[in-house]
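Comments concern the structure below.
Remember, predicted model here, so these are calculated numbers, not experimental data. Note that ligands are numbered from 1 as they come in the structure, with each ligand's atoms numbered from 1 the same way.
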Amino acid sequence: MKLLIANGHLIDPLTNQNSGKNLLIEDGKVVAWLNQNESAPEEAEVFDATGLIVAPGFIDLHVHLREPGQEHKETIASGCAAAVAGGFTSVCPMPNTSPINDNAAITRYMIEQARTAGLANVFPVGAITKSSDGAELAEMGEMKAAGAVAVSDDGRPVPNAGMMRRAMEYARDFDLPVVDHCEDKSLSSGGVMHEGKLSLLLGLKGMPALAEDLDAVRDIILAKETGAHFHIAHVSTKGAVEAVRRAKNEGINVTCEVTPHHFTLIDKAVEGYDTNTKMSPPLRSEEHLEAILEAIKDGTIDAIATDHAPHHADEKALEYDRAPFGITGLETAVGLAFNELVHKGVIDLARLIELCASNPAKIFNLKERGTLKVGSIADVTIIDPNLEWTYRNADSKSKSKNSPFDNWNFTGAAFATIVGGKIVYRR
Ligand SMILES: [Zn+2]
Ligand SMILES: [Zn+2]
């Protein structure tokens with residue numbers, strides 16, 4: 001029942017902790033921080049974390065677990081296995097299952113499936129509107145009571161400002177953040193990649209940055225008007241991050257997340273027509289990537305979220321125009337964050353942990369998580385910042401293998417994942 005994580009370097013941004021400490025866990029909770037010269041309590045199992053970083057469990061605010069309805073792509077169990085292998089102790093599945101998670105019964109079902117799997121925690125995101133068709137508000141209060149932590153119509157963003165205003169007022173009253181996939185489809189519909197020089201050259205229909213910018217600005221104004229907490233999903237454009245920066249300076253309650261692929265790749269990756277470079281929002285051009293990195297650095301971006309979107313190989317095998325949007329991401333996120341952000345000096349380790357754990361817990365109000373302070377739930381991500389490894393789709397725990405990062409080399413990985421005091425993954 002007792003687990004001592006010994007000899008590690010403990011980083012807990014919420015309490016400004018950044019030094020060597022032993023972490024004592026009992027009955028699923030953090031019960032003490034011990035100095036490293038103190039002897040281990042008797043009957044404690046010892047995990048030797050020499051040379052490793054001990055961090056609060058990583059929380060992914062944005063995944064697609066496909067269950068119920070599309071279990072050939074992913075199940076809650078297989079998605080949770082991929083999550084813990086990638087260092088995530090908690091994941092928040094979007095509601096675009098089949099049927100849509102727009103009611104308490106489906107929310108409860110998802111949580112129950114996760115409990116049975118016994119790997120990661122699942123905190124579902126409920127739909128904003130019934131069937132996510134933008135016409136009628138879903139029962140947010142009932143979903144919240146069943147365990148939903150936010151609302152979103154991800155992928156089918158609420159097109160109508162009047163409906164979004166009502167949704168924000170309603171969600172505000174239940175203290176639920178409103179997550180929007182910002183895309184004005186009147187500008188982007190039919191597009192398959194970022195609109196720019198390259199889309200012309202490749203003969204593919206473009207999705208302009210403008211479509212994201214406009215919707216982000218609309219929602220920021222609505223958040224100001226309603227007082228709701230508005231969270232931008234997978235922000236990808238210069239205009240949207242600039243809007244968030246201004247809004248934060250004005251004191252508007254807005255937060256945003258970025259995906260690893262949007263801080264790593266640009267539209268140039270589409271040149272080979274690999275359908276694993278097709279996602280929404282699309283990979284943008286260099287100037288947008290630079291704006292994203294700047295926003296990660298200066299705190300405008302609050303969280304890293306994967307938008308893990310499994311698709312079966314047969315579906316991704318279609319021509320570029322017809323293939324579905326989305327890539328898997330749970331098992332490559334930490335490696336990409338180390339390669340592109342930490343080792344390149346964009347951010348330090350404490351900021352990485354803030355982006356992956358402390359801030360996500362705050363954004364979705366996950367109590368007693370996102371920190372390792374005494375009394376909190378013992379969700380822990382143990383990191384080896386120097387481990388060299390290669391990601392291979394064939395080895396993925398996900399049912400789907402649609403990652404563009406197959407055979408990429410990384411320095412830095414999740415070494416072990418502990419959920420509720422139990423070691424659920426060890427490299
Ligand atoms: Zn989306
Ligand atoms: Zn998504």
Side-chain angles (χ1 to χ4, degrees), residues 59-67 69-70 73-74 76 79 82-83 88 91-98 100-102 110 122-129 132-134 148-159 164 177-185 187-189 191-194 207 209 211-216 218-219 230-237 240-241 255-263 276-284 288 292 301 303-311 315-316 323-330 332-333 360 363-364 398 400 402-404:
I59 299 164
D60 190 342
L61 297 179
H62 191 143
V63 299
H64 298 270
L65 297 183
R66 306 304 189 201
E67 183 180 357
Q70 293 186 300
K73 298 183 187 212
E74 196 78 288
I76 288 171
F88 291 98
V91 291
C92 305
M94 286 290 151
N96 65 332
T97 45
S98 182
I100 300 268
N101 180 18
D102 62 3
M110 292 166 99
V122 162
F123 297 107
V125 176
I128 294 175
T129 60
S132 289
D133 63 9
V149 294
V151 288
S152 181
D153 279 347
D154 182 37
R156 299 175 66 189
V158 178
M164 193 50 140
V178 176
V179 182
D180 197 13
H181 164 130
C182 293
E183 180 184 357
D184 184 327
K185 296 223 178 186
L187 289 158
S188 62
S189 174
V192 296
M193 70 173 289
H194 175 63
M207 306 163 83
E212 181 168 331
D213 299 351
L214 271 177
D215 218 14
R218 178 199 77 175
D219 289 348
F230 165 51
H231 178 76
I232 302 186
H234 43 51
V235 70
S236 75
T237 65
V241 292
T255 52
C256 67
E257 69 194 27
V258 70
T259 71
H261 46 276
H262 286 115
F263 66 62
N276 289 336
T277 63
K278 181 176 175 183
M279 64 283 282
S280 178
L283 297 172
R284 302 288 185 186
H288 295 287
I292 291 290
I301 288 175
I304 293 173
T306 65
D307 198 7
H308 176 81
H311 289 293
E315 296 161 308
K316 274 290 197 183
F325 291 104
I327 61 168
T328 56
L330 284 164
T332 47
I363 292 167
F364 281 2
S398 170
S400 295
N402 51 311
S403 164

Aromatic ring centroids of His234 and His262 under 6.0 Å?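 Ring-ring flag for His234/His262: false, centres at least 6.0 Å apart.
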
Centroid separation His62 to His308 less than 6.0 Å: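 No, the ring of His62 stays outside the 6.0 Å limit from the ring of His308, centre to centre.
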
Report yes if the side chains of Cys92 and Asp60 come closer than 4.5 Å at any heavy-atom pair, otherwise no.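 Result no, sub-4.5 Å side-chain heavy-atom pair not found.
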
What protein N/O/S atoms are there under 2.8 Å from the Zn ion (ligand 1), waters excluded?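 Under 2.8 Å from the Zn ion (ligand 1) - ignoring waters, which are not counted - the protein N, O or S atoms are Asp154 OD1, His181 ND1, His234 NE2.
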
When Glu74 is tested against each of Ser400, Pro93, Ser398 for side chain to side chain contact (heavy atoms under 4.5 Å, CB included), which residue passes?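 Result for side chain to side chain contact (heavy atoms under 4.5 Å, CB included) with Glu74: Ser398.
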
Positive for side chain to side chain contact (heavy atoms under 4.5 Å, CB included) with Phe364, one of Ile59, Thr255, Leu61: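 With Phe364 as partner, side chain to side chain contact (heavy atoms under 4.5 Å, CB included) holds for just one option, Leu61.
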
Restricting to N/O/S, name the atom of His64 that gets closest to the Zn ion (ligand 2).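 Looking at His64, the N, O or S atom with the least distance to the Zn ion (ligand 2) is NE2.
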
Are Glu315 and Lys73 ion-paired here, with the side-chain N under 4.0 Å from a carboxylate O?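 So Glu315 pairs with Lys73 through a salt bridge.
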
